[in-house]
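Notes follow the structure.
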Amino acid sequence: MAAAATCGTGFGSSGSVAAVAGRSGITSFQRRGKAGGTDGGPRLLSIAGTRPSLRNGQLLVSTGLPALDQLLGGGLAVGTVLLIEEDKFNIYSPLLFKYFLAEGVVNGHTLLIASAKENPANILQELPAPLLDYNCKKELGEDVHNPRTPESDDNMKIAWRYQLLPKMEQVGPVSSSRFGHYYDTSKKIPQKLLDISKCHEFFLPEKVSSTLAVESCPLSHGYTKLLQFVQNIIYTEGFDGSNPQKKQKNILRIGIQNLGSPLWGDDICCTEDCDSSHRLTRFLYILRGLLRTSLSACIITMPTHLIQNKAITTRVRNLSDIVVGLESFIGSERETNPLFKDFHGLIHIRQIPRLNNLTCDESDVKDLAFKLKRKLFTIERLHLPPDLSDTVSRSSKQDLAESAKLLGPGCGMMAGGEKHLDF
Amino acid sequence: PPRLLNTLDASEMLESLLALGGLVLLRDSVEWEGRGLLKALIKKSALCGEQVHVLGCEVSEEEFREGFGADVNNRLVYHDIFRDPLNWSKTGKAFPGGPLGILRAMCRRTGPGPVTVALDSLSWLLLRLPCITLCQTLHALSQPNIYPGDNSQVEQVRVLGLLHEELHGPGPMGALRSLAHTEVTLSGKMGQASASILYRRPQQHATLQTWWFSILPDFSLDLHKESPLQSQPHLDPQTTQVDPTAHLTFNLHLSKKEREARDSLTLPFQFSSEKQQALLYPVPGQKSHIFYEPDAYDVDQEDPDDDLDI
């Protein structure tokens, strides 16, 4: 009887499914369509390219890199700031910047690109092309297999159901819907996609006329002007709900490149005790206020390795919501270290926000590395290559342990202290 | 693809420094002076027929022009700051706006055609101008202008800046290095000068190369063989790789006949390719199908319900 009771309630909640089945006459399980307001409750905004978070219903947008989305707990929350700490030679951070913007173009979001170094029109032209058809996974898989195994051309014969699963280990929960897209960095975005997209550009040398007076300390008009520009766009285009005539809500994706560099008129990278260090922090504070009250998401790349005063770096990190640091191996002694030969650099997730929540979606993998393949930027768990040496004895492991000291505990049995326990 | 160092000669090295465009930073020190390399680069650009602007701050014009032939000297447009840096003589030759004004004037160029601007030295400017202003002006200077002509040519601009490393702290150095497309660090060993060149092509990998060279009196370059210390992978001689596929109790390698026999086996759950595609790439909105392919021998005449005692 108890079993019957639970069965009864079970049918009640999935009543629509049973009703549909009864109507059509064929027993087939169909996914319940989005009936919207008929079943009561708050209706979530359905904007293209967004989805609610699995944890707390927060509206998320994709960062353009599905691997990064998983690490951040599903995506970037609308109204937050993603800070990318640039790598030393600024090779990989522009890629993440472009992925974010390309994702906006593909989803039809409005873009706002601000830069002091490159003309935003050029940045727009150089966005990567999206891989939109189902064969994208096959194309991506080719990258991995290509030179090494010759029998990768034919699909798997016995385990063919697993063909579509990703070849590399998934880090984080697997997202089932097509939320993020994959991009091909070797191709540029097709012009027709750019023509239908809307982009606002802020190029600092054009907006701020340089004065000839050398003695007067250059004021950071740049930040103030950028804030005014952003506020203007948000207000006139109704991203903060101030224009109720607009039927179709959309997301504003803001991208700010090289914030804090001398080209923005800020001297935090030049001197250690600069008296105007509060300009950048005030800018970030006001920007976050603007974002929280509008349907927008922002990506900022900042050369934090150049900031001379560590206190400023800490303040900047606290004022951002998500902080991701990139560390490339170029030029450092790790480039030739055989431990890191499969990767191009490390990626550090330094901060994840707790939005409307007591906990945050931290992944348990702390040692992540990235690799820029010919077409794709991948993020993987950092793993050490197997120790195939002849003398696999305790004493020889000391060398590896020394160089792998920085790795976290999730990296396998190789890293550890100097003494190895003998099991 | 990396070029073989044997085929690279001195002029190609200089060309590679100039080809990238943008800001080229020559970092020198007291022991390893960089002005010789700067003059070698100027000579190379001048002989290629380009316009060369020189901002001379540290040495006099006569001393700078010394060693150049007449063909090079005629192509140099020399802006002399050394003689009267603070404009005390108030003659007509003084430049309004000082060195910054000169740099800004250089930004407004007249026509297309490759331009080389040599700053001797960037350190002098960095010590007298605010770092931010200098960075912004250098950036504006090294941006190629696009001339809306018939084929809208993009001009080639390169700014060669001589920077004395020891004079500046990490802040300004870092700021200037982040602006540079090519960075040459001069050092050496036992009387032999070397240049470590870092090429930072935008959107691409950074590459590091080191050359050992010497500058001849007429400011042409003489390359020596590359130092053996350049990025060789550090091989540990003690560890030898063990082949894990040796000494196994089972057979890992298949002969050709065995491989063919394996390939021609029919597998028990081998579906037709249409069915595979339908299962792998489900069309959204389609109702789920049940695929049933009866086996050949699965035709049973008996009614299985016969033995039920109903």
Side-chain angles (χ1 to χ4, degrees), chain A residues 26 28-31 86 88-91 94-95 116-119 126 134 155 157-158 160-161 163-164 185 204-205 210 212 214 217-218 258 261-272 303 305-308 328 330-331 335-338 341 344 372 386-392 396 399, chain B residues 96-101 104 128-137 139-140 143 169-172 174-179 198 200-208 231-236 238-244 263 265 267-271 273 276 279-281 284-285 287-289:
Chain A
I26 306 165
S28 61
F29 289 102
Q30 283 187 351
R31 193 177 284 263
E86 292 175 10
K88 204 161 153 217
F89 298 112
N90 200 15
I91 301 170
L95 272 178
K117 201 172 191 181
E118 262 181 272
N119 199 332
E126 288 178 3
Y134 281 112
N155 301 326
K157 274 209 204 144
I158 300 176
W160 53 269
R161 284 179 204 267
Q163 254 167 226
L164 290 185
T185 45
L204 188 70
S210 56
L212 272 186
V214 173
C217 188
N258 292 127
S261 77
L263 295 175
W264 279 97
D266 202 351
D267 57 350
I268 55 173
C269 293
C270 302
T271 64
E272 194 170 325
H305 58 98
L306 291 179
I307 296 180
Q308 298 299 305
S328 77
I330 297 173
E335 196 173 4
T336 46
N337 193 335
K341 66 177 164 60
H344 288 147
L372 177 62
D387 190 8
L388 290 176
S389 65
D390 213 2
T391 59
V392 186
S396 73
D399 315 319
Chain B
L100 196 60
R104 291 207 169 112
R128 284 158 184 80
L129 301 172
C131 185
I132 303 173
T133 322
L134 185 62
C135 285
Q136 286 172 330
T137 315
H139 183 247
Q143 290 292 94
L176 284 176
R177 289 179 70 187
S178 67
L179 282 181
L198 182 71
R200 292 171 57 172
R201 294 173 191 81
Q203 329 300 337
Q204 283 175 54
H205 250 282
T207 46
L208 185 65
S231 55
Q232 246 180 23
H234 180 69
L235 290 168
D236 199 353
Q238 281 103 4
T239 60
T240 52
Q241 292 279 334
V242 166
D243 182 18
D263 285 344
L265 264 182
L267 299 165
F269 290 104
Q270 193 141 22
F271 296 145
S273 69
Q276 278 187 11
L279 283 172
L280 279 178
Y281 305 112
K287 288 180 268 195
S288 347
H289 294 284

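Convention: sequence-line order gives letters A, B, ...; per-chain numbering from 1.
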### Task
Against chain B, label A:I330 side chain, backbone, both or neither, depending on which of its atoms sit under 4.5 Å from a heavy atom there.
side chain

### Query
What part of A:K341 is in contact with chain B, defined as an atom under 4.5 angstrom from a non-hydrogen atom: side chain, backbone, both or neither?
neither

### Query
Hey, what do you get for CG (A:L263) to OG (B:S178), rounding to the nearest 0.5 Å?
7.0 Å

## Note on the structure
Cut-off 4.5 Å, heavy atoms of chain A, and the answer for B:L198 is side chain

### Query
So what's closer than 4.5 Å to chain B heavy atoms on A:H305: side chain, backbone, both or neither?
neither

### Task
Report the residues that fulfil side chain to side chain contact (heavy atoms under 4.5 Å, CB included) with B:T137, sequence neighbours left out, ordered by chain and then residue number.
B:L100, B:L103, B:R104, B:T133

## Note on the structure
Sequence neighbours excluded, the answer for side-chain hydrogen bond (donor to acceptor under 3.5 Å, both in side chains) partners of B:R177 is B:E183

### Euclidean distance, A:C269 SG relative to B:L176 CG, rounded to 0.5 Å
11.5 Å

### Query
Among A:A116, A:P303, A:S328, A:P262, who wins on heavy-atom pairs under 4.5 Å with chain B?
A:P262

### Task
Measure across A:C270 and B:P172 and return the closest heavy-atom pair with its distance rounded to 0.1 Å.
O-CD, 3.2 Å

### Task
Hey, could you give me the CD/CD distance between A:E118 and B:Q143, rounded to the nearest 0.5 Å?
8.5 Å

### Task
Would you give the length of the straight line joining atom CG of B:L179 to atom CG of A:N90, rounded to the nearest 0.5 angstrom?
11.0 Å

### Query
For the residue pair A:G265 and B:Q136, what are the closest heavy atoms and their distance?
N-NE2, 3.6 Å

